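If you read the sequence from its start, that first residue is 1, and numbering goes on from there. Predicted model, so just to flag it, every value in this text is computed and none were measured.
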Amino acid sequence: MTTLQRKNANPIAHLTPEDIEAIGVELDAIRDEVVESRGASDAAYIRRVIAVQRRLEIGSRAVLLFSLFPPAWLLGTAGLSVAKILENMEIGHNILHGQWDWMRDPKIHSTTWEWDSATPAKQWQHSHNELHHTYTNVVGKDNDLGYGIMRVDEDQPWHPVYLGQPLWNFINAVFFEYGIAAYDLELGRNLKTKKRRRSPEFKARLKEVRRKIGKQMLKDYVVHPALSGPSFLHTMAANATANIIRNLWSHSVIMCGHFPNGVETFERTSIEGETRGEWYLRQMLGSANISGSKLMHIMTGNLSHQIEHHLFPDLPSNRYAEIAPKVRALFEKYDLKYVTGPMPKQVASAWAKVFRLSLPNRGPASVRPPRRKIDPANRPAPRWQRAEPKPASS
């Protein structure tokens, strides 16, 4: 039984079960070192980022009160776009992960923070923190992998409907915050049957999303434009543009983290009996980084260190750059591929895969191996299971 989808050469075939558990021990040591050293400088970092973001947003919205004038429109829209990206990526995403809960600050805590997005924080935390980070890149379990609307691996049967997935992906990118809200609601599954549609739980969650979208619409498309007086329509357009820019940026960053060439996908059976070392290894193989400047890392919410984030999702984001060389050294030590590259390259690679998988398989991948019936009594153990302990020598 293989854990990786459609791999002619298994990239982890050279690892023994002992190697995999040793990787887990070394990664635990890296995590423990950061946890023990968290302190005032980390707290000052997130408070500084929040202060900068709020000043930038307030200043940009003030400039947009005069958006009737083109220079004010351009300056205000650019500033508001950056402010929204910062709020979603480096602030909201990471606070909702619990990265700053150790500060015990009720204003900067995963249980109290609500972000500038169409999806309610609590619903996102369930679909992202609990599901995506548990089942990273497991086809059929991790809905972040293609958001349930795309073919993400050659081993998935092709259907003509997938010819449209580049268009769907682009529309999803433009309206990403609403796509995430629909995804968190599991609309496809919950609208399929009358029973699910009428479920009290689904109705309550749908009501929360509608309320959140209403608040977002009121803020960006009614109250702020109304304060602009004669600049009403210009301010409304500026807010819409800032939201689209934020959506496109967020979508691109997330695509770069899990969809470029070199990132592995996994079968459902791969997580049966999964140990901590095996979970770590799946995060290492199922994520990719983006190389760039410190400013770029901040603007991505440090998800440019996606590998490190998936290994340690609850560590402060400002520490990922510090531990990245240690993590990369571990890849090299165990002869594993550390997937990284500049953002334009990673975005192009991800989109190339979207287009490639929208078409039928070609070459060797077009030949699906026959399914072999396996006697349950002689079923091989999944790759990720811990090996049976060796009997003690007498």
Side-chain angles (χ1 to χ4, degrees), residues 23-24 26-38 41-43 45-46 48-50 53 82 85-102 110 128-129 132-134 136-137 142 144-145 249-264 279-334 336-347 349-350:
I23 290 172
E26 293 191 57
L27 287 170
D28 276 339
I30 293 173
R31 184 183 189 281
D32 291 344
E33 184 180 352
V34 175
V35 168
E36 291 169 4
S37 63
R38 291 178 306 197
S41 62
D42 299 301
Y45 170 80
I46 189 59
R48 184 167 61 251
V49 173
I50 291 172
Q53 187 276 332
V82 173
I85 288 170
L86 274 176
E87 197 285 330
N88 265 203
M89 305 300 285
E90 182 68 335
I91 300 173
H93 172 275
N94 295 330
I95 289 176
L96 294 177
H97 258 297
Q99 293 182 6
W100 307 98
D101 286 2
W102 59 273
S110 62
H128 186 81
N129 296 0
H132 167 60
H133 276 269
T134 299
T136 307
N137 277 31
D142 178 11
D144 272 32
L145 191 62
W249 176 263
S250 302
H251 181 271
S252 295
V253 170
I254 292 168
M255 283 271 290
C256 287
H258 293 290
F259 220 57
N261 286 328
V263 174
E264 307 292 355
W279 181 87
Y280 270 138
L281 184 57
R282 179 158 54 84
Q283 309 310 311
M284 295 165 76
L285 298 174
S287 308
N289 282 6
I290 307 170
S291 58
S293 66
K294 184 175 181 179
L295 178 60
M296 188 278 297
H297 291 313
I298 293 173
M299 292 298 291
T300 64
N302 276 288
L303 293 183
S304 47
H305 299 293
Q306 187 73 252
I307 295 171
E308 290 71 27
H309 172 63
H310 266 267
L311 291 171
F312 314 114
D314 60 344
L315 290 185
S317 59
N318 62 310
R319 305 296 290 275
Y320 289 148
E322 170 191 327
I323 64 177
K326 299 176 184 178
V327 172
R328 188 162 191 168
L330 202 58
F331 273 76
E332 293 172 359
K333 177 179 178 180
Y334 288 95
L336 298 170
K337 186 177 181 181
Y338 190 88
V339 181
T340 188
M343 191 162 190
K345 176 186 174 184
Q346 297 296 74
V347 170
S349 175

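- Applying the salt bridge (charged side-chain N to carboxylate O under 4.0 Å, His left out) test to K337 and every residue at least two apart in sequence or in another chain returns nothing.
- The side chain to side chain contact (heavy atoms under 4.5 Å, CB included) test with L315 singles out one residue from D42, I30, V34, and that residue is V34.
- Closest non-hydrogen pair, P316 versus W100, comes out as CB-CH2, 3.6 Å.
- Here the side chain of Q346 pairs a donor or acceptor atom with the backbone of N289 at under 3.5 angstrom.
- In this structure, T134 OG1 and H132 NE2 are separated by 10.0 Å, a value rounded to the nearest 0.5 Å.
- Applying the side-chain hydrogen bond (donor to acceptor under 3.5 Å, both in side chains) test to K333 and every residue at least two apart in sequence or in another chain returns E26.
- Distance check, rounded to the nearest 0.5 Å: CG of L27 to CG of L281 gives 9.5 Å.
- In this structure the side chain of F259 never reaches within 4.5 angstrom of the side chain of I254, judged on heavy atoms.
- Considering every non-hydrogen atom in both W279 and L311, the closest pair reads CZ3-O, 3.8 Å.
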- [ ] Start with the C-alpha gap between K326 and E308, add the side-chain angles, then the distance that decides, and say whether side chain to side chain contact (heavy atoms under 4.5 Å, CB included) holds.
- [x] CA-CA 10 Å; K326 299 176 184 178; E308 290 71 27; over 6 Å; no

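- For the pair Q99 and Y320, the tightest heavy-atom approach, listed with the atom from each and the gap, is NE2-OH, 3.4 Å.
- Looking only at distances, a side-chain donor or acceptor of N137 sits under 3.5 Å from a matching main-chain atom of E264.
- For Y338, the ring pair (Phe, Tyr, Trp, His ring centres under 6.0 Å) partners two or more places apart in sequence, or in a different chain, are F331.
- Listed by chain and residue number, H305 satisfy the ring pair (Phe, Tyr, Trp, His ring centres under 6.0 Å) test with H297 (two or more places apart in sequence, or in another chain).
- Using modelled atom types, one finds a donor on one side chain and an acceptor on the other under 3.5 Å when comparing H97 with N129.
- Legend: residues meeting salt bridge (charged side-chain N to carboxylate O under 4.0 Å, His left out) with D28, ordered by chain and number and at least two apart, are R276.
- In this structure, the separation between CD1 on I307 and CG on L330 is 11.5 Å, given to the nearest 0.5 Å.
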Task: Test log, rule side chain to side chain contact (heavy atoms under 4.5 Å, CB included), inputs I23 and L336 - done: CA-CA 11 Å; I23 290 172; L336 298 170; 4.3 Å; yes

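- Note that the OG1 atom of T300 and the CD atom of Q306 stand 9.0 Å from one another [nearest 0.5 Å].
- When the side chain to side chain contact (heavy atoms under 4.5 Å, CB included) test is applied to V82, the partners found at least two apart in sequence or on another chain are L56, L86, M299.
- The aromatic rings of H93 and H128 sit perpendicular, their planes meeting at an angle over 60°, well past the 30° parallel limit.
- No side-chain heavy atom of E90 sits less than 4.5 Å from a side-chain heavy atom of Q53.
- Of the N and O atoms on the side chains of R328 and T340, not one donor lies less than 3.5 Å from an acceptor on the other residue.
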- [ ] Given side chain to side chain contact (heavy atoms under 4.5 Å, CB included), test F312 with V35 step by step and report yes or no.
- [x] CA-CA 10 Å; F312 314 114; V35 168; over 6 Å; no

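- To the nearest 0.5 Å, the span separating CG on D314 from CG on N94 amounts to 11.0 Å.
- Considering every non-hydrogen atom in both P342 and S291, the closest pair reads N-OG, 3.1 Å.
- Going from atom CD1 of I85 over to atom CD1 of I298 covers 13.0 Å, rounded to the nearest 0.5 Å.
- Using modelled atom types, one side-chain atom of H258 and one backbone atom of G286 make a donor-acceptor pair closer than 3.5 Å.
- Pairing each heavy atom of D101 with each of S110, the nearest pair is OD2-OG, 2.6 Å.
- Using a distance-only test at 3.5 Å, with no hydrogens or angles considered, no donor-acceptor pair links the side chain of T136 to the main chain of Q283.
- Scanning all heavy atoms of the two residues, the minimum distance from S317 to G301 falls at CB-O, 4.1 Å.
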